[in-house]
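Everything numeric in this text was worked out from a predicted model, so none of it was measured. Protein chains get the first letters and strands the later ones, always in sequence-line order, with residue 1 at the start of each.
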Amino acid sequence: GQNIDQPTEMTATEGAIVQINCTYQTSGFNGLFWYQQHAGEAPTFLSYNVLDGLEEKGRFSSFLSRSKGYSYLLLKELQMKDSASYLCAVRDVLGGGATNKLIFGTGTLLAVQP
Amino acid sequence: DAGVIQSPRHEVTEMGQEVTLRCKPISGHDYLFWYRQTMMRGLELLIYFNNNVPIDDSGMPEDRFSAKMPNASFSTLKIQPSEPRDSAVYFCASSPGTSGRGSSYNEQFFGPGTRLTVL
């Protein structure tokens, strides 16, 4: 089966660092995405990992361990505008080949407080 | 680029009525996806197309749902008859193909969504 787990909610303070974890158990794997979704808006792409290790992009970094089925999104120097839902998604594999199908977790709602 | 365009943005209808949601993907993108998002179930893939051909419709909940992509610039998702449990936000997304232009990540670009309420 397909299973992606994330914490439901997190709270952090402006200026601090927060780490949002994601664990997955999927029948196939061809990359992991993080999306940001503000309330009432569409998801927007944040990061992509297909190999083990850390990908850094400004204040945001994403880490992947394929052997552990684990990823995290690290947000540094938190700002109030970072209050949003963060969605972890795994790209599926079909018949041994890549697909473009994403399986999403239910998201982590992050609240940044002053 | 204009981004993915969806219409209508909001739809309120009564149970039993037919609902048609529309999507225009980003020009040049080979893939188009229809998602449904609810508080209880999160973001669920309903169906996706590659070069206008349906590839995976395993997420379509039942026969009341149907989707078409008659050409590369237009897709519809139809619910007939609609039920209150269909109330959700429906997103359309598109992404470039592996052989086309676009990001090497092949990330999906989402439209603004259609908020559907079935009374």
Side-chain angles (χ1 to χ4, degrees), chain A residues 1-9 20 22 24 26-51 55 57 60 62 64 71 73 84-95 97-109, chain B residues 2-7 9-10 23 25-26 29-60 88-100 102-115:
Chain A
Q2 316 282 42
N3 193 41
I4 299 176
D5 287 320
Q6 307 178 234
T8 304
E9 296 180 348
I20 302 174
C22 171
Y24 62 91
T26 56
S27 55
F29 178 86
N30 189 36
L32 186 143
F33 292 80
W34 284 95
Y35 279 79
Q36 180 190 59
Q37 185 177 25
H38 285 101
E41 298 183 8
T44 55
F45 169 77
L46 280 181
S47 70
Y48 171 72
N49 296 70
V50 68
L51 300 176
E55 294 283 341
K57 195 190 255 189
F60 293 6
S62 57
L64 175 67
S71 173
L73 180 69
S85 185
Y86 291 85
L87 308 174
C88 172
V90 171
R91 183 152 60 194
D92 201 2
V93 172
L94 180 65
T99 75
N100 213 356
K101 177 178 180 177
L102 293 185
I103 303 162
F104 280 86
T106 51
T108 299
L109 184 60
Chain B
V4 176
I5 299 172
Q6 290 187 248
S7 65
R9 294 293 306 277
H10 301 272
C23 176
I26 293 172
H29 280 190
D30 293 340
Y31 289 87
L32 184 140
F33 307 82
W34 282 102
Y35 289 91
R36 177 173 67 177
Q37 187 173 41
T38 61
M39 289 292 292
M40 291 296 295
R41 300 174 66 91
L43 193 61
E44 301 175 283
L45 178 67
L46 300 176
I47 185 172
Y48 81 92
F49 296 83
N50 181 19
N51 292 322
N52 314 339
V53 176
I55 302 300
D56 186 339
D57 65 353
S58 59
M60 295 287 263
V89 179
Y90 290 81
F91 287 104
C92 176
S94 69
S95 73
T98 53
S99 60
S103 167
S104 60
Y105 306 145
N106 218 17
E107 74 265 28
Q108 297 179 18
F109 296 81
F110 284 76
T114 295
R115 182 171 295 277

For Tyr24(A) and Phe29(A), I'd like to know if the aromatic rings sit close, meaning centre-to-centre distance below 6.0 Å. yes
When the ring planes of His29(B) and Phe109(B) are compared, do they come out parallel, tilted or perpendicular, using 30° and 60° as the limits? tilted
Turns out that what part of Leu43(B) lies under 4.5 Å from chain A's heavy atoms comes down to both
Apply ring-ring contact (aromatic ring centres under 6.0 Å, His included) to Phe104(A) and Tyr35(B), showing your working. CA-CA 10 Å; Phe104(A) 280 86; Tyr35(B) 289 91; 5.6 Å; yes
Chain B contact via Ile103(A) - side chain, backbone, both or neither, heavy atoms under 4.5 Å: neither
Applying a strict 4.5 Å limit to non-hydrogen atoms, the region of Glu44(B) in contact with chain A is neither
Stepwise side chain to side chain donor-acceptor pair (under 3.5 Å) check, Arg115(B) with Tyr90(B): CA-CA 6 Å; Arg115(B) 182 171 295 277; Tyr90(B) 290 81; over 6 Å; no
Which portion of Thr38(B) sits near chain A, non-hydrogen atoms under 4.5 angstrom: neither
